[in-house]
Amino acid sequence: MAANKNKNQSSLVLHKVIMVGSGGVGKSALTLQFMYDEFVEDYEPTKADSYRKKVVLDGEEVQIDILDTAGQEDYAAIRDNYFRSGEGFLLVFSITESESFSATSDFREQILRVKAEEDKVPLLVVGNKSDLEDRRQVSADEARAKADEWSVQYVETSAKTRANVDKVFFDLMREVRAKKMSETKEKNGKKSGNKKKSLKERCVLL
Amino acid sequence: MTAIKHALQRDIFTPNDERLLSIVNVCKAGKKKKNCFLCATVTTERPVQVKVVKVKKSDKGDFYKRQMAWELRDLTEVDARDANKDNPEFDLHFEKVYRWVASSTAEKNSFISCIWKLNQRYLRKKLEFVNVSPQLLEESVPSGESQSVAGGDEDVLDDYQELNTREEQDIESMMEVCEYAISNAEGFAEKLSRELQVLDGANIQSIMASEKQVNLLMQLLDHALSEVDNIEGKLLSYEEMLQSVKEQMDQISQSNRLIQISKTNNDKLLDEIQFLVNYMDLSKGHIKALQEGDLSSPKGIEACINASEALSQCMNVALKPGHDKLLAVKQQQRLFTELKDTFARRLTNHLNNVFVYQFNHFSHFKMTIPQFYRSSCLSLPGHDQSNTLAQHTADLTLPKHSPLHRDLLRYAKLMEWLKNTQRDKYEGLSRTYVDYMTRLYEREIKDFFEVAKIKMAGSSKDVKGKFGLHGSSGKLTGSTSSLNKLAVTSSNSKRSQSSSLLDMGNMSASDLDVADRTRFDKIFEQVLSELEPLCLAEQDFISKFFKLQQHSTPAQGENVDDADGIVHSRPPSEHRISISEKDMVRLMMNKIFQSIEMELNSLIALGDKVDSFNSLYMLVKISHHVLTAENVDPASYLSTTLGNVLVTVKRNFDKCISGQIRQMEEVKISKKSKVGILQFVTGFEEFAKLAEAIFRNAERRGDLDKAYIKLIRAVFNNVEKVANESQKTPRDVVMMENFHHIFSTLSSLKISCLETERKDAKQKYTEHLQSYVINSLGQPLEKLNHFFEGVEARVAQGVREEEVSYQLAFNKQELRKVIKEYPGKEVKKGLDNLYKKVDKHLCDEENLLQVVWHSMQDEFIRQYKHFEGLINRCYPGSGITMEFTIQDMLEYFSSIAQSH
Ligand SMILES: Nc1nc2c(ncn2[C@@H]2O[C@H](COP(=O)(O)OP(=O)(O)O)[C@@H](O)[C@H]2O)c(=O)[nH]1
Ligand SMILES: [Mg+2]
C-alpha cells in the first residue's frame with residue numbers, strides 16, 4: 001500500500017520555491033507560517049532547510065518544495081547552486097529595515113545570473129513584517145516602484161498575522177506553473193523526465 | 001433584804017467585778033436614818049481582795065451609791081459590844097473606829113460571821129473579835145457564807161431564783177389583800193386554812209349531788225338500746241326484700257344480653273352476605289366478555305380488559321376464614337376459576353395467533369410499508385421480490401416494527417392480568433413471542449448486514465480490484481451470491497458521481513483509500529444508527545407489553561410513556577425491586593437479538609479485513625454510540641451489546657497498531673537501491689493524518705495517544721535499525737532524511753503528546769546532517785586532511801606550533817608534497833565527485849540535496865581557512881600556500897551549480 005503511495009505522491013506536479021533575502025527579514029517565519037500555521041517569535045538563524053507540502057492550487061493538487069536559506073552566507077557563490085535548483089523565488093525584505101530592501105537588488109542580480117538561460121524567472125518581491133507599520137523604513141511606493149522596474153509583483157506580508165502569506169506562495173506557484181506550461185508548449189512534445197514519469201503513472205491509473 | 005442584796009449586786013458590784021457576800025443595813029451610831037448598807041465583797045479576779053463597802057441609798061428614788069470602801073486587811077478589830085444581849089450595835093476598827101447600828105441583831109451577827117469567814121479564807125490575819133458570841137465564829141456552821149439568818153427565808157446564794165414579775169404581782173396582790181400578812185403570818189396562815197376547809201366542804205357536797213344525775217343518765221341509755229334493737233330488726237327485713245329484687249334484675253339483664261347477641265349475629269350475617277354478594281358477583285356482561293368477547297376489535301379488547309379486571313377483583317377478594325366453606329362461595333369460586341382458565345386460554349391462543357400472523361407477515365414481505373400491516377388481512381398487493389431487494393440494497397435500513405408494537409400494546413393490560421393470574425401461560429406467551437421475534441429479527445438483521453457488507457465490500461472491490469489490492473474482498477462478495485449483482489453495480493454507479501470512477505484518473509491511491517474509508521465510515525455509522533432505535537424500541541415494547549417495567553408511582557409513569565417511548569432510568573431506590581424484571585427484559589432481549597452481536601462482530605471483522613485502518617473509525621463510532629446508549633439507559637441491551645462490541649473493536653485497533661509495528665520490524669531494505677524515506681515512516685504519517693481526522697473531537701483520544709507513543713517509538717527504533725543495517729546508503733543519510741521527514745510530519749500534525757519526539761527528531765536530523773557533511777568532506781582533500789590532522793595532533797601533544805616543521809613527518813618538504821597533490825584541477829574534480837555522490841545518496845522526496853550541499857560548501861570553506869591558518873602558524877615565513885585560492889573554490893562551486 002505504502003509503496004504504491006510513494007510513487008503516486010511523487011507523481012504530483014512539484015514546484016520548487018526558494019526563499020531569498022537578508023538574515024532576519026522573516027523568511028523562516030513566512031515558511032513556517034505557510035507550512036504549519038505557526039509563528040515563531042524567537043530568531044534562530046537558519047543555514048538551510050527544506051520543506052514539502054501538498055496543496056491544492058486552483059483545484060489541482062500539487063506539491064510545493066520550499067528551500068529556506070540563510071541569506072547571510074560569507075560568499076555569494078555558495079548560493080549559486082540552490083538558486084539554480086529553484087523554479088520560483090520569494091525575494092523577501094523587511095519593511096522595517098531599509099538595508100534588507102537594498103540587498104534585494106544584489107540577490108535578484110545573482111538569481112538572474114545563475115539562471116541566465118531562462119528568459120523569465122518567476123519571482124515576487126515580498127515586503128514582510130507589515131504588522132510593524134510604526135517601524136516602517138521602506139515605503140510601499142518605493143518597493144512597488146522597484147518591483148515595477150523589474151516587472152514583478154510586490155506584496156506586503158506579515159508572518160505574524162499571516163496576512164498575504166498564502167497569497168505570495170500561491171501567486172508564485174501560479175507563475176511557476178504558467179512558465180512551465182508555456183515551456184511545454186514551446187518545446188512541443190519534448191518533455192522533462194519528471195513529466196514523463198507522471199504521465200506513465202496516469203496511464204496506470206486509467 | 002434579799003431583793004436589796006440582789007439589786008446591789010447587779011447595780012454596783014457586778015460592774016466592778018465584785019461579789020457581794022453579806023450585807024447589813026446600818027446607820028451611824030447616834031443617827032436614825034438607816035439608809036446605809038455595809039457590804040462584804042470579794043473581787044472575782046485573783047488575787048482576791050476582800051473589802052467592806054459602804055453603800056448609801058439615795059433619798060429620792062430607788063438607787064444606791066457606793067460611798068466608801070475599806071480593805072479587810074486594814075480591819076483590826078470587830079466589836080459586837082454585847083455577845084449575849086440583843087444589841088444591834090457594832091464597831092469596826094479600820095484606820096479609825098466606825099460605829100454602826102444594824103437594823104437587827106441577826107443581820108449584825110450574820111455580817112460579823114461573814115467577816116470572820118472571809119478573814120479565815122483569804123487573810124488569816126490577826127483580827128480581834130470582841131464581844132462576839134463564839135457560835136458565830138465557827139467554821140462548822142452549815143454553808144458558812146450563806147447560813148440562814150432569822151427564820152431561813154433566805155436561799156443559798158447561788159441557787160436563788162428571782163420571782164418573776166407575775167409571781168411577784170400575785171404575791172403582792174395577795175399581800176395587799178391581806179395587809180397584815182407580813183406583820184402577822186400566823187394569822188394569815190390560819191386564815192388560809194380556814195378558807196381551804198370551806199372549799200373542801202363545797203367540793204364534797206357537789207360530788208354527792210351528781211349521783212342523781214348519773215342514775216338518770218343510765219335510764220336514758222337503757223331506753224336507747226332497746227330502740228336500736230328495734231331498728232336493726234327492720235333493716236334486716238328490708239335487706240331481704242332487696243335481695244329478691246336483685247335476683248329479678250339479674251334475670252332481666254341476662255335475657256337482654258341474649259337478645260343483643262342474636263341481633264349482632266344477624267347483622268354480621270347480613271354484612272357477610274352483602275359482602276359476598278357485592279364482591280363475588282360478576283356481571284353477566286363481564287362473564288360474556290370473558291367467555292366469548294372479541295379479542296381483535298378495540299371495543300372487544302376494552303370489554304375484556306374491564307371484565308378481566310372485575311374477575312381479578314372478585315377472585316382477589318380477601319375472604320375470611322370459613323367463607324370458603326360456604327357452598328355458594330365455593331360455587332362462585334369454581335365459576336371464577338373456570339372463567340379465568342377459559343379467558344386465559346382464549347387470550348393466549350389469540351395472542352399466539354397474532355404473533356404467528358405478524359411473524360409470517362413480516363417475514364414474507366420484509367420491506368413492506370406499515371400500511372400493509374395495517375390492512376390486517378392476508379391478501380396483499382403483489383410486490384415482486386426483486387423490486388423489494390433493490391430497494392433493500394439501495395438504502396441500508398431495517399424494517400420498523402412500531403405498528404406491530406402499537407397493535408400488541410393494546411393487549412398490555414390483558415398481559416398484566418395474565419401475568420398476575422396465569423403465570424405459566426404468561427411465560428409461555430413470552431417464550432413464544434421471543435421465539436418468533438428471534439427468528440424474525442434474525443432474518444431481518446441478517447439481510448441488513450448482508451447489504452451492509454455488500455456495500456462495504458463492493459466499494460472496495462470495484463475500485464481496488466484494479467490495483468490488485470485487498471484481494472480478500474473478492475471472496476466476500478461470494479457469500480452474497482444470492483443477491484442480485486445488478487443491485488450492487490447500480491448502487492455503485494449512483495455513488496460514482498460524487499467520488500471514484502469518473503475522476504479517478506486524477507486521484508492517488510491514498511485518495512481512494514480515503515474515499516473508501518469515508519464510505520466505510522458512513523456505512524458503519526448507518527448500521528449503528530439503524531440498530532440503535534430498533535433495539536430501544538423493542539426493549540421498550542417488551543418492558544411495556546410484558547409488564548416488566550419498574551413498578552412506578554403515577555408520577556414516574558409519565559416518564560415511561562414519554563414521547564420517544566424510551567424507558568428512562570430510575571432513581572436507585574427503585575432499582576432493587578425491579579432487578580429481576582430488568583433481568584427478564586435483558587434475557588428476552590438477549591434472545592431476540594442474539595444475532596446482532598455476532599453480525600456486528602462479523603461486520604467489524606470484515607471492515608478490519610478490508611482495511612485495518614477502518615478500526616480507527618469503528619473505535620470512534622462505537623465509543624460514541626456506547627456513550628449515547630449509556631446516557632439513555634446504562635443497563636439496556638443495546639448498551640451492553642455495544643459495550644461488548646467495543647471491546648472487540650478496541651482489540652482490532654490494538655491489533656492494527658501492533659500490526660503496523662510488526663510491519664516496521666519486518667521491513668527489508670534492498671541492498672541495491674538507496675534507502676530514501678522508509679515506507680513505515682510515510683506509513684506513520686498517513687496513519688497519523690487519518691487518525692487525527694477521525695479522532696477529532698472523539699472520546700477515545702487517550703487510546704490514540706497511547707497508540708501514537710507506541711508507534712513513534714517503533715518508528716524511531718526501526719529507522720535506527722535500518723540505518724545501521726543499510727549498505728548502499730550511509731547511515732547518516734538514512735537517519736537525516738527519515739528524521740527530517742518525521743520532524744516535518746509531527747510539525748504539521750501538532751500532536752501534543754508527541755512534542756518531545758518532534759524535538760528529538762529535529763535534533764537527530766541536525767546531528768546526522770552535520771556528521772554526514774563532515775564525514776563526506778574528508779574525501780576530496782583526503783591527504784591534506786590527514787596531514788593537518790597529524791599536525792594538530794602534535795600540537796595537541798605539546799609541540800609548539802612553530803616547531804612542528806622540525807618534525808620529520810611534518811617538515812616543509814612533506815607539506816609541499818601533500819599540497820602539490822591537490823592542484824586546483826584535482827580539487828574541482830574531487831568536489832564534482834562529491835556532489836555526484838551526495839546526489840546519489842539522497843532521495844528526491846526529502847529534497848535535502850541543496851540543504852546538504854549548502855552545508856558542505858560552508859564547511860569546505862571553513863576547512864580551507866583552517867588549513868591556511870595552520871600553515872601560517874606552523875610554517876611561518878615558508879611562503880607555502882595552497883595550490884588553489886578561495887576564489888578558485890567559489891568558481892568551482894559556481895561551475896558545479898551551472899553543470900546541473
Ligand atoms: N512582527 C513581525 N516579526 C516578524 C515577522 N517575520 C519575522 N519576524 C521576526 O523576525 C525575526 C527573524 O525572523 P526569521 O524568520 O528567523 O528571519 P530569517 O532570517 O529571514 O529566516 C524573528 O524574531 C521573527 O519572529 C513579521 O511578519 N512580523
Ligand atoms: Mg531563517
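Letters A, B, ... are given to chains in the order of the sequence lines, protein chains preceding strands, and every chain is numbered from 1.
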At a 4.5 Å cut-off on heavy atoms, which part of Ile78(A) comes close to chain B: side chain, backbone, both, or neither? both
Measure Phe860(B) against the heavy atoms of chain A and call it side chain, backbone, both or neither at under 4.5 Å. neither
Using non-hydrogen atoms only, which part of Glu846(B) is less than 4.5 Å away from chain A: side chain, backbone, both, or neither? backbone
Donor-acceptor contacts, no H, no angles, side chain residues 90-98 of chain A, under 3.5 Å, sequence neighbours left out:
from     : atom 1 : to        : atom 2 : distance (Å)
Ser94(A) : OG     : Thr96(A)  : N      : 3.2
Ser94(A) : OG     : Thr96(A)  : OG1    : 2.7
Ser98(A) : OG     : Gln137(A) : OE1    : 3.2

Kindly indicate whether the side chain of Gln660(B), heavy atoms from C-beta on, has any atom under 4.5 Å from the side chain of Phe613(B). yes
Find the one option among Ser855(B), Ser747(B), Ser894(B) whose heavy-atom pairs under 4.5 Å with chain A are most numerous. Ser747(B)
Non-hydrogen side-chain atoms of Leu57(A) and His15(A) separated by less than 4.5 Å: yes
Which region of Ile861(B), side chain (C-beta onward) or backbone (N, CA, C, O), has a non-hydrogen atom less than 4.5 Å from a non-hydrogen atom of chain A, or is it both or neither? side chain
Using 30° and 60° as the class boundaries, would you call the ring planes of Phe893(B) and Trp853(B) parallel, tilted or perpendicular? perpendicular
Non-hydrogen side-chain atoms of Asp611(B) and Phe520(B) separated by less than 4.5 Å: no
Less than 4.5 Å to any heavy atom of chain A: does that hold for the side chain of Leu849(B), its backbone, both, or neither? neither
Whatever's closer than 4.5 Å to a heavy atom in chain B on Glu60(A) counts as neither
Per-residue tally against chain B (heavy atom, under 4.5 Å) across Asp49(A), Asp74(A), Asp68(A) peaks at Asp49(A)
Hey, is Glu767(B) close enough to Lys764(B) for a salt bridge, meaning N to O under 4.0 Å? no
First locate atom CD of Glu737(B), then atom CG of Asn847(B), and finally report the distance between them rounded to the nearest 0.5 Å. 10.0 Å
Given that the side chain runs from C-beta out, which part of Lys115(A) has a heavy atom under 4.5 Å from chain B: side chain, backbone, both or neither? neither
